[in-house]
A.B. asks: 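What follows is a structure written as structure tokens; I'll ask about it next.
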Amino acid sequence: MALVVLCALTWSAQAQLVTTEPAILQQGSQGIVLTYHADSPLGNLDLMGIQSNLDVYAHIGVITRKSTGMSDWKYTVTPWPTQQNAQTANTDKNRCVRIAPDTYTLTIGDLKTYFGIPAGEYVTHIAVLFRNADGTRVGRTADGGDIFLPVMSNGFQCALSSDLADEFFYEPTTVKFTFLTTAEADLHIFVNDVEIASAPASMKLEKSYTFNAIGDYTVRGTATYQGNTYN
């Protein structure tokens, strides 16, 4: 009999395809570094194993509250490469640094400055693809989509993610959950309102959980900070 599991997460699994520093991005974030894992099963693996002497570039912009949808990128840093525009499509600003096999970093620094976003405009996501110099190999999500990294409001925030590529699966499966916060708090992870992990005065809580029974599941994290509980 098939095992069907529905996990309700507050942060897309795409965040594990591209990890960030800081781990939770906010409107006022500075010192931002993106790390792209080309060998992640959450991606399409198109850049996995690319030769070490070949450059990888980010095609990167943002989604703001002025965007008409998730395909309406704003403030895209460089154009997509063509035979005529290599110098403007491939620049130091969007060139990634290879730090290990299949692992690349892109330094953004200050969010608003890097993209040239006017004061007062609210960013909801960083939108990014990774590619080789001529765009013939492109790193996307496992289903071929764009990669979106949520950008939250300033102040205390928490975010739950997993290493699960799809919220539905059909056999017993072990999933690793990661719960992050922007300041130390008392952290808890629940599966169908049953606590499976906790950590006092922490900014990170990780827990692996095996789903081995048929049913629908909701996974949530809670963080208690300065007397208030956040989900």
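For the numbers below, each heavy atom of this structure counts, side chains included, while hydrogens, waters and symmetry mates do not. Treat the numbers as computed from the prediction; the structure is a model and nothing was measured.
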A.B. asks: Tell me if a side-chain donor or acceptor on T173 pairs with a main-chain N or O of E171 at a distance below 3.5 Å.
C.D. replies: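 Checking the backbone N and O of E171 against the side chain of T173, a donor-acceptor pair under 3.5 Å is found.
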A.B. asks: Under a 4.5 Å cut-off applied to non-hydrogen side-chain atoms, are Y225 and Y230 in contact?
C.D. replies: yes
A.B. asks: Return the minimal non-hydrogen interatomic distance between I189 and K207, and the atom names on each side.
C.D. replies: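 Looks like CD1-CB, 4.3 Å.
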A.B. asks: Can you tell me how far apart SG (C158) and CG (L187) are? Round to the nearest 0.5 Å.
C.D. replies: 8.5 Å
A.B. asks: Can a donor-acceptor pair be found between the side chains of E121 and T64 at a distance below 3.5 Å?
C.D. replies: yes
A.B. asks: For F179, does the six-membered ring have the charged nitrogen or CZ of K204 within the cation-pi criterion, i.e. under 6.0 angstrom from the centroid and within 45° of the normal?
C.D. replies: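 Verdict for F179: no cation-pi partner in K204.
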A.B. asks: As an exercise, state the distance from OG1 of T105 to CD of E21, rounded to the nearest 0.5 Å.
C.D. replies: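 Interatomic distance, T105 OG1 to E21 CD, rounded to 0.5 Å: 12.0 Å.
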A.B. asks: Could you tell me whether a side-chain N or O of D102 sits under 3.5 Å from a main-chain N or O of D39, the two making a donor and an acceptor?
C.D. replies: no
A.B. asks: Would you check if there is a donor-acceptor pair between the side chains of Y122 and S153 at a distance under 3.5 Å?
C.D. replies: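 The answer is yes; a qualifying pair exists.
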A.B. asks: Could you pull out the closest heavy-atom pair between K74 and S67, with the gap in Å?
C.D. replies: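 Smallest interatomic distance, heavy atoms only, reads CG-OG, 3.5 Å.
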A.B. asks: Tell me the closest heavy-atom pair linking V219 and L160, and the distance in Å.
C.D. replies: O-CD2, 3.8 Å
A.B. asks: Let me see the working for N132 and L54 under side-chain contact (heavy atoms from CB on, under 4.5 Å), right down to the final yes or no.
C.D. replies: CA-CA 7 Å; N132 61 354; L54 298 179; over 6 Å; no
A.B. asks: When clusters are formed by joining ILVMFWY residues with side-chain heavy atoms under 4.5 Å apart, either directly or through shared neighbours, do I147 and Y57 land in the same one?
C.D. replies: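 Cluster IDs for I147 and Y57 differ.
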A.B. asks: Quick check against the 3.5 Å criterion: does T91 have a side-chain atom that pairs as donor or acceptor with the backbone of T88?
C.D. replies: no
A.B. asks: Fit a plane to each ring of F177 and F211, take the angle between them on a 0 to 90° scale, and name the class: parallel (under 30°), tilted (30 to 60°) or perpendicular (over 60°).
C.D. replies: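 Rings of F177 and F211: perpendicular, as their planes differ by over 60°.
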A.B. asks: Could you please spell out the steps behind the side-chain contact (heavy atoms from CB on, under 4.5 Å) verdict for H37 and V18?
C.D. replies: CA-CA 6 Å; H37 306 276; V18 179; 5.9 Å; no
A.B. asks: Can you check whether P81 reaches H59 side chain to side chain, under 4.5 Å on heavy atoms?
C.D. replies: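 Not touching, per the 4.5 Å side-chain cut-off.
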A.B. asks: Given 3.5 Å as the limit, does a donor-acceptor pair link the side chain of T210 with the main chain of N212, or not?
C.D. replies: no
A.B. asks: Rounded to the nearest 0.5 Å, what separation is found between the CD atom of Q157 and the CG atom of L180?
C.D. replies: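 Output value for this atom pair is 12.5 Å.
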A.B. asks: Under 4.5 Å between side-chain heavy atoms, hopping through other hydrophobics if needed: is there a path connecting L129 to L45?
C.D. replies: no
A.B. asks: Answer yes or no: is there a side-chain heavy-atom contact under 4.5 Å between Y209 and S162?
C.D. replies: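 Not touching, per the 4.5 Å side-chain cut-off.
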A.B. asks: Nearest 0.5 Å please: distance from the CG atom of L17 over to the CG atom of L34.
C.D. replies: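 That separation rounds to 11.0 Å.
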A.B. asks: Minimum heavy-atom separation for M70 and F148, please, with both atom names.
C.D. replies: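 Reported closest heavy-atom pair: O-CZ, 3.3 Å.
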A.B. asks: Taking the side chain from Y114 and the backbone from K93, do they hold a donor-acceptor pair closer than 3.5 Å?
C.D. replies: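 A pair under 3.5 Å: yes.
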A.B. asks: Are any non-hydrogen side-chain atoms of V33 and T20 less than 4.5 angstrom apart?
C.D. replies: no
A.B. asks: Please check this pair: side chain of D186 against backbone of A201, looking for a donor-acceptor N/O pair closer than 3.5 Å.
C.D. replies: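 Looks like yes, one N/O pair under 3.5 Å.
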A.B. asks: Are R65 and T124 packed together at the side-chain level, in the sense that at least one heavy-atom pair is separated by less than 4.5 angstrom?
C.D. replies: yes
A.B. asks: Do I108 and I126 touch side chain to side chain, with heavy atoms closer than 4.5 Å?
C.D. replies: yes
A.B. asks: Between D110 and K112, is there a salt bridge with N-O shorter than 4.0 Å?
C.D. replies: no
A.B. asks: With rounding to the nearest 0.5 angstrom, report the CD1 to OG distance, I196 to S208.
C.D. replies: 9.0 Å
A.B. asks: How far apart are the closest heavy atoms of A38 and M48, and which atoms are they?
C.D. replies: O-CB, 3.7 Å
A.B. asks: Can you check whether T218's main-chain N or O pairs, donor with acceptor, with N192's side chain at less than 3.5 Å?
C.D. replies: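 Yes, because the side chain of N192 sits within donor-acceptor range (under 3.5 Å) of the backbone of T218.
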A.B. asks: Is a donor from one side chain sitting under 3.5 angstrom from an acceptor on the other, for D143 and T141?
C.D. replies: yes
A.B. asks: Any side-chain heavy atom of T78 within less than 4.5 Å of one from N90?
C.D. replies: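 When only atoms from C-beta onward are counted, N90 and T78 do not touch, as no gap falls below 4.5 Å.
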A.B. asks: Taking the side chain from T181 and the backbone from E184, do they hold a donor-acceptor pair closer than 3.5 Å?
C.D. replies: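 The answer is no, because no donor-acceptor pair under 3.5 Å joins these two groups.
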A.B. asks: Side chains of C96 and F130: closer than 4.5 Å at any heavy-atom pair?
C.D. replies: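 Yes; the side chains approach each other to less than 4.5 Å.
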A.B. asks: Regarding R140 and D46, does a basic nitrogen lie under 4.0 Å from an acidic carboxylate oxygen?
C.D. replies: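 Result for this pair is no, no salt bridge flagged.
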A.B. asks: Could you tell me the separation between the OG atom of S161 and the CG atom of L42, rounded to the nearest 0.5 Å?
C.D. replies: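 Reported value, rounded in 0.5 Å steps: 10.0 Å.
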A.B. asks: Should R95 and D55 count as an ion pair when the cut-off is N to O under 4.0 Å?
C.D. replies: yes
A.B. asks: Let me see the working for V97 and Y104 under side-chain contact (heavy atoms from CB on, under 4.5 Å), right down to the final yes or no.
C.D. replies: CA-CA 5 Å; V97 176; Y104 301 86; over 6 Å; no
A.B. asks: Run the side-chain contact (heavy atoms from CB on, under 4.5 Å) test on L47 and V56 for me, step by step, so that the C-alpha distance in whole Å, both residues' side-chain angles and the decisive distance to 0.1 Å come before the verdict.
C.D. replies: CA-CA 8 Å; L47 289 175; V56 169; 4.1 Å; yes
A.B. asks: Determine yes or no for a side-chain-to-main-chain donor-acceptor pair under 3.5 angstrom, with D72 supplying the side chain and G69 the backbone.
C.D. replies: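 Checked: no pair found.
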A.B. asks: Can you name the nearest heavy-atom pair linking Q26 to T182, along with the distance?
C.D. replies: OE1-CG2, 3.5 Å
A.B. asks: Between D146 and A127 (side chain of the first, backbone of the second, donor and acceptor by atom type, cut-off under 3.5 Å), is there such a pair?
C.D. replies: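 It does not hold such a pair.
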A.B. asks: Are H125 and W73 close enough that their ring centres sit under 6.0 Å apart?
C.D. replies: no
A.B. asks: Tell me whether R220 is salt-bridged to D193, with the criterion being a basic N under 4.0 Å from an acidic carboxylate O.
C.D. replies: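 The answer is yes: the pair qualifies as a salt bridge.
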A.B. asks: Go through the side-chain N and O atoms of N228 and T224 and say whether any donor and acceptor fall under 3.5 Å apart.
C.D. replies: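 Their side chains do not contain a donor-acceptor pair, so the 3.5 Å distance test is not met.
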